[in-house]
Amino acid sequence: MKQTILILSFILKGIIGLGQQHLEPAEDFSQYEGDLGTYYDQVFKLLYKGFSEKPIARYTSMPSFSSEYAFSIETIDGKHYIVSNQLSENYWNAKYRMSVKLITTKTELTNDLYVKLTGLFKLLEEQTKEPEVLVIGSDGVTYYFATTDKTGQVKIGETWSPTDTSALGKLVTICDTVHALGKTKDVSQADIAKKIDALITDLKK
């Protein structure tokens with residue numbers, strides 16, 4: 001029953017999300033009560049452990065079945081890092097939630113990639129708007145993109161399973177690569193920066 005409720009939640013967001021050309025404002029998680037309210041409260045507390053409360057750039061992937069994961073740009077001792085967090089298993093489906101572990105890794109960013117990533121998330125915030133088209137989706141992965149605006153308010157946009165060739169699909173691919181960068185240094189930061197440049201051009205069209 002619990003799994004059915006969560007899947008229905010993902011589907012309802014997908015009905016809205018696949019028609020997007022830009023991110024839409026994320027839902028208010030505090031509106032949920034019962035099982036879903038408990039899930040969102042607990043999973044974000046665990047997944048965002050060690051992250052700033054006022055993120056510069058924070059990305060979150062919430063699949064229906066595989067483990068949830070996220071990254072955040074963090075400044076530590078004057079240096080910029082991608083801090084990548086991943087749960088050991090899907091929090092909703094875990095038989096015993098106390099058994100779910102947080103796996104945290106980090107990689108230092110080049111200044112160029114730091115500037116491009118923060119610029120990308122600022123642009124995402126500026127372009128976030130309510131969807132114009134309702135389209136039914138086919139699977140369930142919700143992606144959240146958070147940054148802090150000039151007034152100190154945390155702004156979160158979301159998309160739901162965008163097609164790979166769309167601008168938002170390319171955004172997800174880039175962010176998944178950045179998450180991987182946080183886990184290993186064997187990812188080209190220069191290549192990521194180039195893809196961000198191309199994506200920003202697409203988003204501004």
Side-chain angles (χ1 to χ4, degrees), residues 2-3 5-7 9-10 13 23 26-110 113-114 117-118 120-121 124-125 139-148 153-161 171-187 189 192:
K2 293 180 181 180
Q3 184 163 302
I5 294 172
L6 184 59
I7 292 173
S9 174
F10 283 135
K13 286 183 287 186
L23 299 178
E27 62 191 302
D28 179 5
F29 297 105
S30 65
Q31 69 179 311
Y32 290 106
E33 299 178 351
D35 291 331
L36 274 178
T38 300
Y39 165 74
Y40 282 122
D41 181 61
Q42 293 180 350
V43 74
F44 287 134
K45 282 182 180 178
L46 180 58
L47 190 57
Y48 294 161
K49 188 175 182 180
F51 288 1
S52 301
E53 291 185 5
K54 301 285 187 179
I56 300 173
R58 187 182 68 208
Y59 167 71
T60 309
S61 175
M62 302 286 285
S64 298
F65 303 106
S66 55
S67 61
E68 299 90 344
Y69 58 91
F71 75 66
S72 180
I73 291 180
E74 299 292 333
T75 300
I76 305 170
D77 296 329
K79 297 181 180 181
H80 304 302
Y81 293 86
I82 284 293
V83 179
S84 293
N85 284 354
Q86 183 153 359
L87 303 187
S88 58
E89 58 184 304
N90 184 276
Y91 195 80
W92 179 272
N93 294 321
K95 186 175 182 181
Y96 301 105
R97 289 181 174 174
M98 292 297 294
S99 69
V100 179
K101 304 300 182 184
L102 178 67
I103 303 164
T104 300
T105 53
K106 71 178 187 294
T107 296
E108 185 178 352
L109 287 171
T110 63
L113 184 53
Y114 169 78
L117 275 170
T118 54
L120 172 61
F121 273 71
L124 294 174
E125 179 227 322
D139 60 14
V141 184
T142 306
Y143 305 95
Y144 300 104
F145 304 81
T147 189
T148 305
Q153 296 295 311
V154 177
K155 299 294 185 180
I156 306 174
E158 70 175 44
T159 187
W160 192 93
S161 296
L171 171 64
V172 167
T173 298
I174 287 172
C175 287
D176 279 345
T177 305
V178 173
H179 174 70
L181 171 66
K183 298 192 294 183
T184 175
K185 294 180 174 61
D186 296 330
V187 177
Q189 296 196 37
I192 297 173

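The structure displayed is predicted, hence computed values, not measured ones. FYI, the numbering just counts along the sequence from 1.
If you take SG on Cys175 and CG on Leu181, they are separated by 12.0 Å, rounding to the nearest 0.5 Å. The OG atom of Ser67 lies 9.5 Å from the CG atom of Leu47; values are rounded to the nearest 0.5 Å. Atom-to-atom distance recorded for Phe71:CZ and Ile82:CD1 is 5.0 Å, nearest 0.5 angstrom. Of the inter-residue distances, the one linking Thr107 atom OG1 with Gln189 atom CD reads 7.5 Å to the nearest 0.5 angstrom. In this structure, the separation between NZ on Lys79 and CD1 on Ile76 is 10.5 Å, given to the nearest 0.5 Å. Residue Tyr40 holds its OH atom at 12.0 Å from CG of Asp35, rounded to the nearest 0.5 Å.
Using a 4.5 Å cut-off on side-chain heavy atoms (C-beta onward), Arg97 and Leu46 make no contact. Residues Ser66 and Glu89 are not in side-chain contact: their nearest non-hydrogen atoms beyond the backbone lie 4.5 Å or more apart. Trp92 is listed as a side-chain neighbour of Leu36, based on a closest heavy-atom distance under 4.5 Å. In this structure, the side chains of Ile73 and Val83 stay at 4.5 Å or more apart for every pair of heavy atoms. Side-chain contact between Glu68 and Thr60 is absent, with no heavy atoms from C-beta onward closer than 4.5 Å.
Proximity of the aromatic rings of Tyr39 and Phe44 is defined here by a centroid distance below 6.0 angstrom, and this criterion is not met.
Among residues two or more places apart in sequence or in another chain, the salt bridge (Lys or Arg N to Asp or Glu O under 4.0 Å) test is passed with Glu74 by none. Partners of Tyr81 under the ring-ring contact (aromatic ring centres under 6.0 Å, His included) rule, at least two apart in sequence or in another chain, do not exist in this structure. Remark: Phe121 engages no residue in a ring-ring contact (aromatic ring centres under 6.0 Å, His included) (not counting sequence neighbours). Taking the salt bridge (Lys or Arg N to Asp or Glu O under 4.0 Å) definition, one finds that Lys185 meets it with nothing, sequence neighbours left out. Partners of Phe51 under the ring-ring contact (aromatic ring centres under 6.0 Å, His included) rule, at least two apart in sequence or in another chain, are Tyr48.
Using a distance-only test at 3.5 Å, with no hydrogens or angles considered, a donor-acceptor pair links the side chain of Ser99 to the main chain of Tyr96. Without hydrogens or angle criteria, Thr110 side chain to Leu113 main chain gives a donor-acceptor distance under 3.5 Å. Proximity of a side-chain donor or acceptor of Thr75 to a complementary backbone N or O of His80 within less than 3.5 Å is not detected. Judged by distance alone, the side chain of Thr148 and the main-chain N or O of Ile56 form no donor-acceptor pair under 3.5 Å.
Between Phe145 and Tyr59, the angle of the ring planes lies from 30° to 60°, which puts this pair in the tilted group.
The two atoms that bring Ser64 and Asn90 nearest to each other are O-ND2, 3.5 Å, heavy atoms only. Taking each heavy atom of Thr105 and Gly182 in turn, the nearest pair found is OG1-O, 3.0 Å. Taking all atoms of both residues into account, the shortest heavy-atom contact from Thr177 to Val187 is CG2-CG1, 3.7 Å.
In this structure, a donor-acceptor pair under 3.5 Å is absent between the side chains of Tyr143 and Glu158. For the 3.5 Å distance criterion, the side chains of Thr147 and Glu125 fail to qualify, holding no donor opposite an acceptor. Using a 3.5 Å distance cut-off with no hydrogens or angles, the side chains of Asn85 and Thr104 do pair a donor with an acceptor.
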* To do: Report the C-alpha distance between Lys106 and Lys183 in whole Å, list the side-chain angles of each, state the deciding distance to 0.1 Å, and finish with yes or no for side-chain contact (heavy atoms from CB on, under 4.5 Å).
  => CA-CA 6 Å; Lys106 71 178 187 294; Lys183 298 192 294 183; over 6 Å; no

* Go through Leu87 and Tyr69 one step at a time and tell me if the side-chain contact (heavy atoms from CB on, under 4.5 Å) criterion holds. => CA-CA 6 Å; Leu87 303 187; Tyr69 58 91; over 6 Å; no

* Asked: Given the rule in the side-chain contact (heavy atoms from CB on, under 4.5 Å) test, do Leu23 and Tyr144 qualify, once you have shown the distances and angles that lead to the verdict?
  -> CA-CA 9 Å; Leu23 299 178; Tyr144 300 104; over 6 Å; no

* Asked: Going through the checks in order, is the side-chain contact (heavy atoms from CB on, under 4.5 Å) test met by Thr159 and Thr142?
  -> CA-CA 6 Å; Thr159 187; Thr142 306; over 6 Å; no

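Pairs passing the salt bridge (charged side-chain N to carboxylate O under 4.0 Å, His left out) check and including a residue from residues 45-65, sequence neighbours excluded, read Asp41-Lys45.
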